[in-house]
Asks: 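One structure coming up, written as C-alpha cells, with questions to follow.
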Amino acid sequence: MATYVKKKCGWTVRIRLSGRPEVTEGGFRTKQEAKDWAVERESAMRQSPKMKGLGPHHTTLAEALTDYVKAVTCKQKGCPQVLTKVNKYRVAAGLLPLKAVKKTGGRVFGKDADGKLAAEQQKVENVLFDIVEEEPTELFKAARQKAFADRKQRIEQQGRAAQKHRTVMAGMNVADISPHHFEDLFSLMSKDGYAANTQRQEVAILSGMFSHAMRVWKWRLEENPALAIDWPTGAGRERVMSADESMRIAAEMTKLRNTKFKSFVVFSIETAMRKGESTTTACWCDVDWERRVLNLPDSKGGKRPVPLSPVAIEVLQEMGPGEPTEKIFGLTDGQVNSAWKRLCADAKVSNLTIHDLRHTSATFYAKLFHGDIFMLQLVTGHKSLAMLRRYVNRQVDEVVDVMGSMSAPSLGHRMKMATDTSGADGKTESQPENSSLKPQFEVINLMAAKARRARQQHGDAEPELEPKLAES
C-alpha cells in the first residue's frame, strides 16, 4: 500500500507490502506523478518473490541465526557443534541457548521374527535434530563437576572482548551488518587468543546464514559481508606422536584395567579411523574377516571400506567377535577423552589429542606406501587430496636423514668432484661409474674447461658464463 506526503522538496511516496522491504522515494513535482511511479513500483514488487519473515531490515542477527539453525543446520551431523557457536549470539541477545535432540539419523537395525535386532535389515537414515530451547538449570554443584565449572569460567574469561562485540552484532538487524563488523570480530578473537581455525569456523556459520538468506529466503542484501574481507589463515595442526612418546604411552597402557580402551588406541593408530567411526559407527557385522576390511555404512564422507592391517585384525580377534549388531568398542566420547587425558598425563606427553593419532597413522602409511597418495586415500577416507595432504606431517629432520643416507652420489656431489679433480687441460681424472650419467658429466666437464680458459684469457675478471653455457 502506498502513502503520499507533501514536503518542501515535493511529494514523497512510501510503499509497504507484507514480506517485502519498505520503499521510499521523494522529489515528485505533483501527486499524480508520485502515484504513477508508485503503481509501477508496487506492481513490480508484487511480482517479485516474497521474502521469508520480516526481512533483513526487521530481523536481528540472533533471530536469523536461530531460523537458519532450524531450517538448515538441524539436517547436518555437526549440528550440536554448530549450536555451541550460535548460542554465543543468542545468549548475547538475552535469549535462551539451544540444544539439539537427535530425532532420526545414522544406522538403524530392523528386527527379525523373534523381535531381535537383525544386521541384515539395517539401513542408514538421514540425520535430523529437533532444536529446542535449553531451560536454565542449577549446574556444577556436585564436587565431581567442579572441573566443568572451572573450564566454563576459563572459556568465559578467554573470550570476553569478542563476546562484547557479539553482543553488539547479535542485536543488530541483518541488513545493518557490514564487512567491518566481521573485521572487528576477527581482530578481537585474535586478541582473546582464539586460533585462526576457530575464528574461521565461527564466521563460516554466519556466512552460511547470509548466503542462505539471499538465495532461499530472498532477502535483498547488497552482498554477503562475511565474504567481503580476508579471513585469517594459519598452519594446520601438525602434531604427530613420536616413537619415544609411543613407548611411554604403551608403558602406561599396560597399567590400565580398561582393556577396550587399550584396544581402541592401538586400533586407531593401525586404521587411521576417526574417533566417531570407531566408537559410534563400527559394529561387528561390518567386519569382513575374509577380505580383512571393515565396511563402514556411514561416516563423515558417506560409506567407505577401511583396510585392516594384521595388527588391527589381531586386536579384533582378541576382543570378539561379539553380536552382529553390537558396537565393537562401545565407548562414549567422554570415556575416550577422559581416559586419553589421564594416559597422556601419566606418560608425561603433552599437547597430543586422540585425533593426532589419525595424523600419526596417515604419516606412517605415507612413508610405508612410498608416497602412493591413492592407496593412502583409501586408508584415511579423505575425498580430496588437499585435505589428505594436511594429515601427512613429514618433518624436515626426516629429509635430512634421507639425504645423509643416500647410497649413490648426488648430482651436485658429482659436479663438485668433476671440478675438483680436473687438471688445467680440462681432462678429468675420475669418471662417473654410472654409465647412464656419463653424457651429463661430459657436458659438465666441458663447461668447467671453458670457464677455466675464459678466466685465463681475462685475467682475474669473472667471464659472463651464460653465453658460454648457451654455446655448449
Asks: Applying salt bridge (Lys or Arg N to Asp or Glu O under 4.0 Å), can you list everything that pairs with Arg358, at least two apart in sequence or on another chain?
Replies: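 Residues passing salt bridge (Lys or Arg N to Asp or Glu O under 4.0 Å) with Arg358: none at all.
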Asks: With sequence neighbours excluded, give me every salt bridge (charged side-chain N to carboxylate O under 4.0 Å, His left out) pair touching residues 199-214.
Replies: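 Output for this query lists Arg166-Glu202.
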Asks: Can you confirm whether Phe264 sits close enough to Leu357 that some side-chain heavy atom of one is under 4.5 Å from a side-chain heavy atom of the other?
Replies: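 They are not in side-chain contact.
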Asks: Any non-hydrogen side-chain atom of Leu83 less than 4.5 Å from a side-chain atom of Ile131?
Replies: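 Leu83 reaches Ile131 side chain to side chain.
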Asks: Should Ser211 and Asn224 be marked as a side-chain hydrogen bond (donor to acceptor under 3.5 Å, both in side chains) after you check the CA-CA gap, both sets of side-chain angles, and the distance that decides it?
Replies: CA-CA 6 Å; Ser211 297; Asn224 182 339; 2.9 Å; yes
Asks: Scan for side chain to side chain donor-acceptor pair (under 3.5 Å) pairs involving residues 116-127, sequence neighbours excluded, and state none if there are none.
Replies: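 Qualifying pairs, neighbours excluded: Arg107-Gln122.
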Asks: Applying side-chain contact (heavy atoms from CB on, under 4.5 Å), name anything that partners Lys6, two or more places apart in sequence or on another chain.
Replies: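 Per chain and number, Lys6 pairs via side-chain contact (heavy atoms from CB on, under 4.5 Å) with Trp11.
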Asks: Between Arg41 and Asp36, is there a side-chain N and carboxylate O pair less than 4.0 Å apart?
Replies: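 No, no charged N to carboxylate O under 4.0 Å.
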Asks: Pairs in or reaching into residues 241-252: which pass salt bridge (charged side-chain N to carboxylate O under 4.0 Å, His left out), with residues at least two apart or in two chains?
Replies: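 For residues 241-252: Arg239-Glu245, Asp244-Arg248, Glu252-Lys255.
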Asks: For residues 267-284, pull every pair meeting salt bridge (charged side-chain N to carboxylate O under 4.0 Å, His left out), keeping only residues two or more places apart or in separate chains.
Replies: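 Sorted pair list: Arg274-Glu277, Lys275-Asp333, Glu277-Arg304.
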Asks: In terms of side-chain heavy atoms, does Thr60 have a donor or acceptor partner in Glu63 at a distance below 3.5 Å?
Replies: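 The criterion, which ignores hydrogens and geometry beyond distance, is satisfied for Glu63 and Thr60.
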Asks: With under 30° as parallel and over 60° as perpendicular, where do the rings of Phe210 and Phe182 fit, or are they tilted in between?
Replies: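 Perpendicular: the ring planes of Phe210 and Phe182 meet at over 60°.
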Asks: Treating Asn295 as the side-chain partner and Pro305 as the backbone partner, does any N or O pair qualify as donor plus acceptor under 3.5 Å?
Replies: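 No, because the side chain of Asn295 does not come within donor-acceptor range (under 3.5 Å) of the backbone of Pro305.
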Asks: Taking the six-membered ring for Trp, are Phe261 and Phe329 closer than 6.0 Å centroid to centroid?
Replies: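 Centroid distance Phe261-Phe329: not below 6.0 Å, so no.
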Asks: Answer yes if the side chains of His355 and Thr353 hold a donor-acceptor pair under 3.5 Å, and no otherwise.
Replies: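 His355 vs Thr353: no donor-acceptor pair found between side chains.
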Asks: With a 4.0 Å cut-off, would you call Glu133 and Arg90 a salt bridge?
Replies: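 Salt bridge: yes.
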Asks: Between CE of Met172 and OG1 of Thr167, what distance do you get to the nearest 0.5 Å?
Replies: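 Nearest 0.5 Å value for the CE-OG1 distance: 13.0 Å.
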Asks: Could you tell me if Ser190 and Gln199 have a donor-acceptor pair between their side chains, going purely by distance under 3.5 Å?
Replies: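 Yes, because at least one side-chain N or O of Gln199 sits under 3.5 Å from a partner of the opposite role on Ser190.
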Asks: Can you find a heavy atom in the side chain of Met209 that is under 4.5 Å from one in the side chain of Asp67?
Replies: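 Heavy-atom side-chain distance check fails, nothing below 4.5 Å.
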